[in-house]
Q: 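I'd like to ask some things about the structure below.
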Amino acid sequence: QVQLVISGGGSVQAGGSLILSCVTSGLPFSRYGMGWFRQRDGEDREFVGGISRTGDRTLYTHSVEGRFIISRDNAKNTVSLQMNSLKPEDTAVYSCAANPTGYADFDDQAYRYWGQGTQITVSS
């Protein structure tokens, strides 16, 4: 059984930082590209960032470039999202996802497995 369990969500004031972690089990983690997505109320799911299976390539949506950092630890089956300089518009439910091609990908259709989602609220 594949599981992606997210921890680290919560509330923060604008300008603050949070770290999300996604711990996986039941899949060969080092073969999977990993992604982070978010969904604001009433909006479609949005790609936030992704990392290749080896960690040598990362992708970010423009609005988070320079503020968010994705990293992974293949020994711990974990992918993390460091979020800095948070803005109220970053408020959303954040999910991690696993892509069997091993690549970082903007397209959510490339991802096979999904975590449960965690709420991030940034107040002004």
Q: Could you tell me if the side chain of Q3 sits less than 4.5 Å from the side chain of S25, heavy atoms only?
A: yes
Q: Mind checking whether R67 and D90 have side chains closer than 4.5 Å, heavy atoms only?
A: yes
Q: Is the closest side-chain heavy-atom distance between L27 and Y32 below 4.5 Å?
A: yes
Q: Taking atom types as modelled, is there a side-chain donor on N77 or T24 under 3.5 Å from an acceptor on the other?
A: no
Q: Taking the basic N atoms (NZ, or NE/NH1/NH2) and the acidic carboxylate oxygens, is any pair closer than 4.0 Å for E46 and R40?
A: yes
Q: Given R38 and Y94, is the side chain to side chain donor-acceptor pair (under 3.5 Å) satisfied, shown in steps?
A: CA-CA 4 Å; R38 66 187 179 188; Y94 285 70; 2.9 Å; yes
Q: Mind checking whether Q82 and I70 have side chains closer than 4.5 Å, heavy atoms only?
A: no
Q: Kindly say whether K76 contributes a backbone atom to a donor-acceptor pair with the side chain of T78 at under 3.5 angstrom?
A: yes
Q: Check whether any side-chain N or O of S52 sits under 3.5 Å from a backbone N or O of R57 as a donor-acceptor pair, and report yes or no.
A: yes
Q: Using the benzene-type ring in the case of Trp, are the ring centres of F37 and Y111 under 6.0 Å apart?
A: yes
Q: Quick one: do I51 and I6 end up in the same hydrophobic cluster if we chain Ile, Leu, Val, Met, Phe, Trp and Tyr together by side-chain heavy atoms under 4.5 Å apart?
A: yes
Q: Starting from V23, can I reach L18 by hopping between I/L/V/M/F/W/Y residues whose side chains sit under 4.5 Å apart?
A: no
Q: Could you tell me whether the side chain of I69 reaches within less than 4.5 Å of the side chain of Y60, counting heavy atoms only?
A: yes
Q: Side chains of C96 and W36: does their closest heavy-atom pair fall under 4.5 Å?
A: yes
Q: Locate the shortest heavy-atom distance separating S95 from G117; write the atom from each residue and the value.
A: OG-CA, 3.5 Å
Q: Any side-chain heavy atom of F29 sitting closer than 4.5 Å to one from R72?
A: yes
Q: Are V93 and L20 connected, step by step, through hydrophobic side chains (Ile, Leu, Val, Met, Phe, Trp, Tyr) whose heavy atoms are closer than 4.5 Å?
A: no
Q: Measure the shortest side-chain to side-chain distance between M83 and I120 over non-hydrogen atoms and say whether it is less than 4.5 angstrom.
A: yes
